Amino acid sequence: MLVGSAISGPTQPTFRVCRPSTTSRGSPLNPWRRACASVQTLRNSETIRLRPTRFVTEENPNCSTRIHLSNLEKFLQKETPPLPVPPQKDDGSKLGSEKKGRGVLDGLNLAGLWPGSKRVEEMMSPRNLNHLQRLLSRSTEYSPRNILGDRWQEYHGSNDWAGLLDPLDENLRREVVRYGEFIQAAYHSFHSNPATSESASTTPRHVALPDRSYRVTKSLYATSSIGLPGWVDDVAPDLGWMTQRSSWIGYVAVCENEREIARMGRRDIVIALRGTATCLEWAENVRDVLVRVPGDNGSSMGTNGSSRVQPKVECGFLSLYKTPGSHFESLSETVVQEVRRLIELYKGETLSITVTGHSLGAAIALLAADELSRSGPNMPPIAVFSFGGPRVGNRGFADSIKENGVKVLRVVNTHDVITRVPGVFVSEGIDQKLREGETGANVLKVLDEMPWAYSHVGSELRVDSKRSPYLKPDADVACCHDLEAYLHLVDGFIGSNCPFRENAKRSIARLLNEQGSNVKKLYTRKALTLSLDSRARGPIGSIPSCLPSPS
């Protein structure tokens with residue numbers, strides 16, 4: 001075991017701890033070929049004896065020792081005191097010698113520098129460097145696909161995912177990440193060709209699905225009810241797609257692989273929706289006045305006989321969902337018609353409908369699921385998996401979705417501000433406590449009728465970007481809302497009081513490529529020094545944006 005200690009500064013020399021006739025070659029994956037410090041632990045019968053150490057000043061800046069100490073100092077990010085030598089107590093007991101050995105490492109207090117992880121010296125061992133090298137590589141490590149069988153409805157939210165979220169069930173983790181990758185495919189397809197032409201309505205768009213068991217059956221377009229002056233396109237003709245009223249926003253896909261259908265326990269229909277990308281979509285996002293939901297019967301009583309708040313949703317989200325384009329039907333009409341067609345096509349089979357989206361797509365996913373639940377009798381089970389979704393409607397809308405049997409799982413990053421808007425921010429936990437009391441419930445009934453009285457929907461899976469050992473604690477707003485960061489956090493999430501999962505399988509190469517400035521410098525350096533593979537060498541920016549996923 002190697003233990004290094006260094007004190008460096010503008011006027012301080014660099015020291016190394018060494019021992020006569022003792023050398024260390026280091027790990028073959030370690031870029032430094034020699035260790036600067038070693039504490040030789042010699043076992044004699046059942047005792048451990050520590051030999052005295054001596055300090056030697058090293059002035060040569062080009063030597064491997066100086067390089068090792070410099071990098072180690074950056075990793076620890078603080079000065080470390082010289083290594084204390086515990087007193088010798090050769091009492092012949094194995095327990096006493098083990099305590100002495102631990103005392104040397106405990107003096108360094110390395111565990112406190114990496115909360116929720118292994119000690120630093122263990123993390124830099126050859127085994128963990130191999131694990132880090134795999135995470136930084138483009139190679140794929142497959143997670144087992146367990147058979148869901150008779151439990152598929154439970155994983156689809158029949159019991160609101162009770163008992164599966166904290167701690168997070170392994171099968172549910174895989175399903176959540178898989179649906180997130182369907183959204184990533186929508187992002188990649190849009191950015192590869194963002195412009196929308198008149199012929200797009202008749203020509204299906206190619207989507208590189210992460211799961212080849214599914215086939216895309218329909219492209220989806222969202223249209224804004226507002227537009228920008230024509231001179232804007234004249235000023236920036238190359239950015240015309242940013243001001244177009246209708247834009248490709250996602251797709252409908254259906255599972256056609258019999259083995260996958262048998263594994264999942266049903267044939268799954270997926271509706272995947274990307275987040276905000278164009279100027280007009282951003283303009284619609286800020287139209288946050290609540291308006292009535294079209295098609296609602298306006299009844300003042302709920303299904304349980306209690307008083308009912310009129311369901312209302314954000315004006316901008318509803319505009320993108322309901323507005324038809326010059327060459328396209330509205331997103332609402334397209335989704336309902338395609339789902340009805342697929343239900344009729346696979347009539348008699350066990351079906352499920354899964355709507356998944358990120359950011360704006362998460363908001364529209366709720367509108368689509370709500371309308372599908374009211375579009376006809378005997379609808380298959382409907383579930384929504386949303387990532388970083390904002391609030392969409394008021395308490396009446398949330399109650400309406402629950403009454404219609406739509407199950408919603410919201411994946412929320414604690415530090416993602418998008419999940420707290422629009423409307424006046426009130427913690428969901430505080431909201432629930434207020435409703436349990438008679439006085440608080442009366443106050444909230446008044447607030448529910450206000451124009452900006454928004455409320456979240458469904459169950460919540462809360463992750464925390466500060467728990468990741470790879471992301472900086474002060475990661476910016478964009479990183480906290482990024483979809484790849486969300487999938488990274490879900491893949492490493494065990495429970496609310498647990499550290500990041502040590503055996504997380506999702507590669508961080510794409511995270512480095514998309515959020516490199518928010519990844520700890522240790523990993524950006526390792527990405528350049530470790531052998532990613534023969535095709536992936538080079539700067540972080542050279543890593544392709546579309547990489548194989550662990551699913």
Side-chain angles (χ1 to χ4, degrees), residues 148-162 179 214-215 217-218 220 250-256 261 264-273 292-313 317-318 321-322 324 329-357 363-386 392-409 457-459:
L148 303 184
D150 296 336
R151 296 187 63 192
W152 74 264
Q153 290 184 328
E154 184 180 354
Y155 288 108
H156 204 246
S158 61
N159 298 323
D160 295 315
W161 296 278
Y179 287 124
Y214 287 75
R215 177 179 65 87
T217 63
K218 193 71 174 181
L220 303 177
Y251 58 90
V252 180
V254 62
C255 184
E256 293 188 335
I261 293 173
M264 295 190 297
R266 85 282 188 189
R267 186 187 295 271
D268 190 31
I269 300 172
V270 170
I271 303 169
L273 302 164
R292 289 184 57 176
V293 177
D296 185 75
N297 57 18
S299 174
S300 60
M301 301 298 292
T303 55
N304 57 359
S306 60
S307 59
R308 179 174 181 266
V309 179
Q310 178 66 48
K312 295 181 180 180
V313 296
F317 299 152
L318 186 64
Y321 182 63
K322 285 291 188 178
E329 293 180 325
S330 69
L331 179 57
S332 168
E333 294 174 318
T334 307
V335 168
V336 172
Q337 291 176 8
E338 181 62 16
V339 170
R340 283 177 176 172
R341 186 187 71 83
L342 293 175
I343 292 175
E344 183 63 27
L345 179 63
Y346 300 109
K347 188 175 182 180
E349 296 188 28
T350 303
L351 301 176
S352 67
I353 300 174
T354 307
V355 194
T356 183
I364 297 180
L366 286 177
L367 298 178
D370 178 57
E371 185 172 25
L372 286 172
S373 68
R374 296 183 282 107
S375 62
N378 302 321
M379 290 295 292
I382 302 174
V384 176
F385 289 81
S386 72
V392 179
N394 64 351
R395 173 63 56 181
F397 176 69
D399 293 340
S400 174
I401 283 186
K402 185 176 181 180
E403 291 172 2
N404 293 330
V406 177
K407 304 300 182 179
V408 180
L409 178 59
V457 182
S459 304

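Side chains are part of it too, since the values below use all heavy atoms of this structure and drop only hydrogens, waters and symmetry mates. None of these values were measured; they are calculated from a predicted model. Count residues from 1 along the sequence.
A distance of 12.0 Å separates NZ of Lys407 from OG of Ser373, quoted to the nearest 0.5 Å. Within the model, atoms CG of Asp268 and OG1 of Thr350 stand 12.0 Å from one another, a figure rounded to the nearest 0.5 Å. Going from atom CD1 of Ile343 over to atom CZ of Arg267 covers 13.0 Å, rounded to the nearest 0.5 Å. Taking CG from Asp370 and OG from Ser400, the interatomic distance works out to 5.0 Å, rounded to the nearest 0.5 Å. Rounded to the nearest 0.5 angstrom, Phe397 CZ and Lys402 NZ are separated by 14.5 Å. In this structure, the separation between NZ on Lys312 and CZ on Arg292 is 8.0 Å, given to the nearest 0.5 Å.
Using a 4.5 Å heavy-atom threshold, the side chains of Val252 and Ile269 count as touching. Between Leu366 and Val384, the closest side-chain pair of non-hydrogen atoms falls below 4.5 Å. Annotation: side chain of Ser386 is not in contact with side chain of Val355 (no heavy-atom distance under 4.5 Å). Contact annotation: the side chain of Leu342 never approaches that of Arg340 to less than 4.5 Å [non-hydrogen atoms, C-beta and beyond]. At least one side-chain heavy atom of Val339 sits less than 4.5 Å from a side-chain heavy atom of Ile271.
Leu372 and Val336 make their closest contact through CD2-CA, 4.0 Å (heavy atoms, listed as atom of the first residue, atom of the second, distance). Across all non-hydrogen atoms, the minimal contact from Met264 to Trp152 is O-CB, 3.0 Å. Contact record, Ala369 with Ile382: CB-CG2, 3.9 Å, taken as the closest heavy-atom pair. Across every non-hydrogen atom of Ser332 and Glu371, the tightest pair is OG-OE1, 2.5 Å. Heavy-atom minimum distance, Ala368 versus Tyr321: CA-OH, 3.3 Å. For Tyr214 against Cys255, the heavy-atom pair with the smallest separation is CD2-N, 3.4 Å.
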#### Entry: Derivation and outcome, side chain to side chain contact (heavy atoms under 4.5 Å, CB included), residues Leu367 and Val392
CA-CA 8 Å; Leu367 298 178; Val392 179; 4.0 Å; yes
### Derivation and outcome, side chain to side chain contact (heavy atoms under 4.5 Å, CB included), residues Leu148 and Arg266
CA-CA 10 Å; Leu148 303 184; Arg266 85 282 188 189; 4.1 Å; yes
### Message
Under the criterion side chain to side chain contact (heavy atoms under 4.5 Å, CB included), I'd like the reasoning laid out for Met379 against Ile353: C-alpha separation, chi angles, the key distance, then a yes or no.
### Response
CA-CA 9 Å; Met379 290 295 292; Ile353 300 174; 3.8 Å; yes
### Task
Begin from the C-alpha positions of Val406 and Val457 and carry the test side chain to side chain contact (heavy atoms under 4.5 Å, CB included) through to its verdict.
CA-CA 10 Å; Val406 177; Val457 182; over 6 Å; no
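Asn394 places a side-chain N or O within 3.5 Å of a backbone atom of Gly396 that can act as its donor or acceptor partner. A donor-acceptor distance shorter than 3.5 angstrom exists from the side chain of Ser459 to the backbone of Asp160, with no hydrogens or angles considered.
The aromatic rings of Trp161 and Phe385 stand perpendicular to each other, their planes meeting at an angle above 60°, with 30° marking the opposite boundary.
The side-chain hydrogen bond (donor to acceptor under 3.5 Å, both in side chains) search around Glu338 returns Thr217, Arg341, not counting sequence neighbours. For the side-chain hydrogen bond (donor to acceptor under 3.5 Å, both in side chains) test, no residue two or more places apart in sequence or in another chain qualifies with Glu329. In this structure Thr334 satisfies the side-chain hydrogen bond (donor to acceptor under 3.5 Å, both in side chains) test with no other residue, sequence neighbours excluded.
Within a 6.0 Å radius of NZ in Lys322, more than 12 heavy atoms belonging to other residues, nucleotides or ligands are found.
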